[in-house]
2 protein chains.
Amino acid sequence: MFRISRITDYGIVILAQLATQTDDAAHNSRELSDQTQLPAPVVSKILKSLTRAGLLDSVRGSKGGYRLARPPAQISVVQMISALEGPVAMTECAIHPGACSMESSCGLQGPWQRINGAVQDALEKITLADIADPTANARGRFDRFVPLVGLDASGSGGHAAPNNPNSKEPRGR
Amino acid sequence: MFRISRITDYGIVILAQLATQTDDAAHNSRELSDQTQLPAPVVSKILKSLTRAGLLDSVRGSKGGYRLARPPAQISVVQMISALEGPVAMTECAIHPGACSMESSCGLQGPWQRINGAVQDALEKITLADIADPTANARGRFDRFVPLVGLDASGSGGHAAPNNPNSKEPRGR
DNA sequence: ATTTACAGGACCAAATTAGTCCGATATCTT
DNA sequence: AAGATATCGGACTAATTTGGTCCTGTAAAT
């Protein structure tokens, strides 16, 4: 666990797709659905969210579509996640002081704010430009090892491919 | 969103509680439930998971209970999260190469592994000793500002307090 | 005017998560 | 030896969240 949601996952795929387009034209929902192989209604929904969050500009009407609101290097992972699933907040108290009724007795708000800040810093440094850069994909791969407690074999799969009611085989994104 | 699960949240509270105990005695489930004000069955369940993951040692029978398996400084946030909700993996492909059927067409495994690594690094550096240290709580608070996209007012609350079917007021953890 | 495409939500089904409970086993006390 | 106290492991249910679809309205181009 500790995953981003599927919608966010898809959203980043879509953003990466848009980042690779060299022209400045608007790309419509159907086109992006074809390119990413993601279900059209889902793509549409995600594009709307990204637009509302200010990551995309939209053009209505015929010849309309979407384009990045700013250069890929200025769109961080934090922004992408925030756009699609709300602020990066590992706990309620990390960003909403006063929301938790136990706040007075539980002395963990401070630590959580620190932890959350550390995660945000890490995610802030990585941008859409890094993600969409094809050479970056090969670099940085398996270049570190982090021992995991409880890394059991129950990989449980799932989470990355859209549900396909007809086949047990995930058809992937 | 992008939250840890409630169980993990509780688990860290429990671990912090155990870390503050100065004696080397085993503390039982009921005692910890009283101290943390968390529902007894939930505390029990969490303690079992933490034991299975190797973060706690358990003692059976009368006078039995739980104690930390090692010093708080040697228990990182990554380990705590991993123990209760599986490995820290923002996407499937970040830790399970081959699990996603789109892996060949989607060029994002590399980036995701990097992103995941960055988050793990951040979470690795913070330990139970930091969390349980009362002076650390005051420090590190509001000492940074990270602009968030989409930080709307829909705080939506919730997630931090156990469900109480009888009262609409969350009774907190 | 018609066509194309975004905007915003309502809505349902499926999957996850939270929380409870039970029988079995191990250990201490008397 | 018997009884009391705790953990162990897992089954089970209810509530919440998420994923995904669809429908009505609005804006722009032809």
Side-chain N or O of B:Ser58 less than 4.0 angstrom from OP1 or OP2 on D:dC8? yes
Distance, rounded to the nearest Å, where B:Asn28 contributes CG and C:dA26 contributes P: 20 Å
Using every non-hydrogen atom in the two residues, find where B:Ser33 and B:Pro39 come nearest and quote the distance to one decimal. OG-C, 4.0 Å
Roughly, in whole Å, what's the span from CG in A:Asp57 to P in C:dC6? 13 Å
Which residue lies more 5' along DNA chain D, comparing A:Val42 with A:Gly61 via nearest heavy atoms: A:Val42
Taking only nitrogen or oxygen atoms into account, show me every contact under 3.5 Å that the protein makes with nucleotides 8-10 of chain C, one pair per line with its distance.
unit_1 : atom_1 : unit_2  : atom_2 : d
C:dG8  : N7     : A:Lys48 : NZ     : 2.7
C:dG8  : O6     : A:Lys48 : NZ     : 3.0

Answer with base, sugar-phosphate or nothing: what part of the nucleic acid does A:Ile7 contact at a heavy-atom distance below 4.0 Å? sugar-phosphate
Looking only at non-hydrogen atoms, find the nearest pair between A:Gly64 and A:Ala26 and report the distance. C-CB, 4.0 Å
Between C1' of D:dG20 and CG of A:Leu84, the distance in whole Å: 15 Å
Just how far, in rounded Å, is P of C:dT20 from CG of B:Leu47? 15 Å
When the distance from CD of A:Glu31 to C1' of C:dC6 is rounded to whole Å, what number comes out? 15 Å
Provide the full list of side chain to side chain donor-acceptor pair (under 3.5 Å) pairs with a residue in residues 13-24 of chain A, sequence neighbours left out, each pair given once. A:Gln17-A:Gln35, A:Gln21-A:Gln35, A:Asp23-A:His27
Just N and O in the side chain of B:Tyr10: are any of them under 4.0 Å from OP1 or OP2 of C:dA18? no
B:Arg60 CZ to C:dT25 P, in whole Å, measures 9 Å
For A:Leu128, which of A:Leu18, A:Asp133, A:Ile75 qualifies under side chain to side chain contact (heavy atoms under 4.5 Å, CB included)? A:Ile75
Whole angstrom value for the distance that separates P of C:dC6 from CZ of A:Arg67: 12 Å
Do A:Glu85 side-chain atoms and A:Ile4 backbone N/O form a donor-acceptor pair below 3.5 Å? no
Do the side chains of A:Lys125 and A:Asp121 get close enough for a salt bridge, i.e. N-O under 4.0 angstrom? no
Base-pairing string, 5' to 3', of DNA chain D - Watson-Crick or wobble, under 3.5 Å, | interstrand: ||||||||||||||||||||||||||||||
May I have the distance from B:Glu85 (atom CD) to D:dT17 (atom C1'), rounded to whole angstrom? 15 Å
Which heavy atom of A:Glu103 sits nearest a heavy atom of A:Cys93, and at what distance? OE1-CB, 4.4 Å
Name of the residue among A:Leu15, A:Leu56, A:Ile14, A:Leu32 meeting side chain to side chain contact (heavy atoms under 4.5 Å, CB included) with A:Ile46: A:Ile14
Note: A:Gln120 and A:Val78 closest approach over all heavy atoms is O-CG2, 3.5 Å
